2 protein chains.
Amino acid sequence: MNLSIAEENYIKSIYKLQEGDEVVTTNALAYELDTKPASVTDMAKKLNAKKLIDYEKYKGITLSAEGKKAALQIVRRHRLWECFLVDKLAFSWEEIHELAEELEHVRSEKLTNRLSEYLGNPVIDPHGDPIPDAHGKMAKPRPQTSLDQANAKRLVVTAVTDQSTALLAFLNAKGIKLGTQLEIVAHYEYDNSIEIKLKQLPALTISEQVAKNIMVRPV
Amino acid sequence: MNLSIAEENYIKSIYKLQEGDEVVTTNALAYELDTKPASVTDMAKKLNAKKLIDYEKYKGITLSAEGKKAALQIVRRHRLWECFLVDKLAFSWEEIHELAEELEHVRSEKLTNRLSEYLGNPVIDPHGDPIPDAHGKMAKPRPQTSLDQANAKRLVVTAVTDQSTALLAFLNAKGIKLGTQLEIVAHYEYDNSIEIKLKQLPALTISEQVAKNIMVRPV
DNA sequence: TTAATTATTTAGATTTGTCTAAATAATATT
DNA sequence: AATATTATTTAGACAAATCTAAATAATTAA
Ligand SMILES: [Mn+2]
Ligand SMILES: [Mn+2]
Ligand SMILES: [Mn+2]
Ligand SMILES: [Mn+2]
């Protein structure tokens, strides 16, 4: 099955929006891909014909087994290139997504596997997301919660769910990265903002929106 | 000026066929790009409108100053990725062209320059071709001739002009690579084949076609 | 349960890059 | 110089991916 770049981007976005087994709606996919619902309907028909998704008029989209396999390969390439850019070329985590969005479309298993090997077969990418192996198997992520719902006091940052440059740049500015340890000092009921403290730094208050996108686990 | 992948491939092929200042013909470009002359005419009109080439009906194609600049950037990316694949991922020289053909279209100056730095700012690629720097400047290639026209006896391989997998695989099999030293043992007038001797190896005879594509210089 | 709203699909158009077949221009041959 | 051959361009078509505007289905609210 030879996929175009556009088809690959659709498959990957469907995978992302599925999160388990939820049906993906036309509008959600259009928003995610920054395109129009009419375009999504067109592509849905095509991917359905290619048996990469299950799609019926008005009933939403899910990946077929084959589509899921394809998605995992694309995600693998995306995340490996992100590792390369950070580990080898010293990019920072807010610059890499865009570049990986293009590099992921170079479809060579040999290249992908060599790259993985060269990087030491990493299992998480610079944003804390797991990297599928050559067979599409992914390490189950260790239990983690978003910072706004954490109940333990002492936490470590394990991932960031929103990968927009804006959020990542904000976290950079505040010294928050993967592995950063922090303590919750206070919850403010008024706007659900949270005061946290990083080692060696003065406490700072972050908005609910930020807290929702930082994943953490205890100690 | 934002170029599509197709436009970049055209620009690069025109650059390749120009070799100095020769006018590139419609048919030659069609052959090089494995497409049809009619398609070349269409694209020529477009690139001319974008001022990347000079083109007049029936008068052939040359790159404009801007087109040449664009070409050098693409060539730079192509050859840097080839270096990466060989030096870091242990690919051999006959496997890399195809992959670089895709990687070259990731248009990020920052990525390109970081990659160059990471590789130690190489000035020749795995096929012996010079790599333009960030400003498009290329080391002038040291004087070299094709093996079939060399008159010195003791020679060193400096480049390979035909980058087809077939030729490169042949050279691999015979132990000929960049930097290989060889001696010309005999010219056979009948078919212009050449007998050569590599250190520690029995002499071998290569066809005129092969000899034409191996570039060498004395000692 | 009808009416209003929202979501989705269809119809028809557009852009990009390609093609085939036919027409025309340039070049080579007699 | 006329003719044959080759090179190039044009005309018209097509596939992929997108869009806008209109139609229709599904959902929600009254
Ligand atoms: Mn992408
Ligand atoms: Mn990532
Ligand atoms: Mn290319
Ligand atoms: Mn090369």
Side-chain angles (χ1 to χ4, degrees), chain A residues 1-18 22-63 67 70-71 74 101-102 104-107, chain B residues 1-18 22-63 67 70-71 74 101-102 104-107:
Chain A
M1 187 68 60
N2 233 7
L3 302 181
S4 69
I5 291 178
E7 289 170 332
E8 285 196 341
N9 285 331
Y10 271 88
I11 291 289
K12 190 157 64 83
S13 289
I14 295 164
Y15 177 84
K16 180 179 173 189
L17 294 178
Q18 244 186 229
E22 287 162 64
V23 165
V24 175
T25 66
T26 303
N27 271 0
L29 190 48
Y31 181 80
E32 172 72 20
L33 285 163
D34 193 22
T35 184
K36 296 285 136 76
S39 309
V40 171
T41 300
D42 288 345
M43 184 61 91
K45 286 176 185 167
K46 197 165 32 142
L47 294 176
N48 185 64
K50 287 191 172 191
K51 300 198 181 301
L52 291 162
I53 64 173
D54 295 312
Y55 165 71
E56 266 182 287
K57 261 196 200 184
Y58 297 109
K59 295 198 172 157
I61 295 167
T62 54
L63 288 176
I74 305 164
E101 201 56 52
E102 302 193 46
E104 71 188 357
H105 301 293
V106 179
R107 278 147 289 212
Chain B
M1 185 69 60
N2 233 6
L3 303 181
S4 69
I5 290 177
E7 289 169 333
E8 285 196 339
N9 284 332
Y10 271 88
I11 291 288
K12 189 157 63 84
S13 290
I14 295 165
Y15 177 83
K16 180 180 173 189
L17 294 179
Q18 246 187 226
E22 287 163 63
V23 165
V24 175
T25 66
T26 303
N27 271 359
L29 191 48
Y31 181 79
E32 172 72 21
L33 284 163
D34 194 20
T35 182
K36 295 286 136 79
S39 308
V40 170
T41 300
D42 288 344
M43 183 60 92
K45 287 175 185 167
K46 195 161 38 139
L47 294 176
N48 185 63
K50 286 192 172 190
K51 300 197 182 302
L52 292 161
I53 64 173
D54 294 312
Y55 165 71
E56 266 181 288
K57 261 195 200 183
Y58 298 107
K59 295 198 172 158
I61 295 167
T62 54
L63 288 176
I74 305 164
E101 201 56 52
E102 301 193 47
E104 70 188 357
H105 300 294
V106 178
R107 276 145 291 206

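This is a predicted model, so every value here is computed, not measured. Protein chains get the first letters and strands the later ones, always in sequence-line order, with residue 1 at the start of each.
Closest of all the heavy-atom pairs between A/Asn27 and A/Pro37 is OD1-CG, 3.2 Å. The two atoms that bring B/Glu104 and B/Glu101 nearest to each other are OE2-OE2, 2.7 Å, heavy atoms only. The nearest pair of heavy atoms linking B/Ala70 to B/Leu3 is CB-CD1, 4.2 Å. In terms of heavy-atom proximity, A/Tyr55 sits nearest to A/Asn48 at N-OD1, 3.2 Å. Between A/Leu63 and A/Ala71, the shortest heavy-atom contact is CD1-CB, 4.0 Å.
Atom-to-atom, CG of A/Asn2 to C1' of D/dA16 comes out at 15 Å; the value is rounded to the nearest Å. Between the CD atom of A/Glu56 and the P atom of C/dT8 there is a distance of 15 Å, rounded to whole Å. When the C1' atom of D/dT8 is taken as reference, atom CG of B/Leu29 falls 13 Å away, rounded to whole Å. B/Lys45 places its NZ atom 8 Å from the P atom of D/dT9, with the value rounded to the nearest Å. Atom C1' of nucleotide D/dA16 and atom CG of A/Leu3 are separated by 14 Å, given to the nearest angstrom.
When distances run from any side-chain atom of B/Tyr10 to the nucleotides C/dT18, D/dT18, D/dT10, the shortest one goes to C/dT18.
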Sort me out a list of protein N/O and nucleotides 19-29 of chain D N/O pairs below 3.5 Å, or just none if empty.
| unit_1 | atom_1 | unit_2 | atom_2 | d |
| --- | --- | --- | --- | --- |
| D/dC19 | OP2 | A/Thr35 | OG1 | 2.6 |
| D/dC19 | OP2 | A/Lys36 | N | 3.2 |
| D/dC19 | OP2 | A/Ser39 | OG | 2.5 |
| D/dC19 | N4 | A/Asp42 | OD2 | 3.3 |
| D/dA25 | O4' | A/Tyr58 | OH | 3.3 |

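Within the model, atoms CG of B/Leu29 and CD1 of B/Ile53 stand 8.5 Å from one another, a figure rounded to the nearest 0.5 Å.
Between B/Asn27 and D/dT6 there is no side-chain polar atom (N or O) within less than 4.0 angstrom of OP1 or OP2. In terms of phosphate contacts, A/Thr26 brings a side-chain nitrogen or oxygen within less than 4.0 Å of OP1 or OP2 of C/dT9.
When each of B/Tyr55 and A/Ser4 is assigned the nucleotide of DNA chain D bearing its nearest heavy atom, the one mapping closer to the 5' terminus is B/Tyr55.
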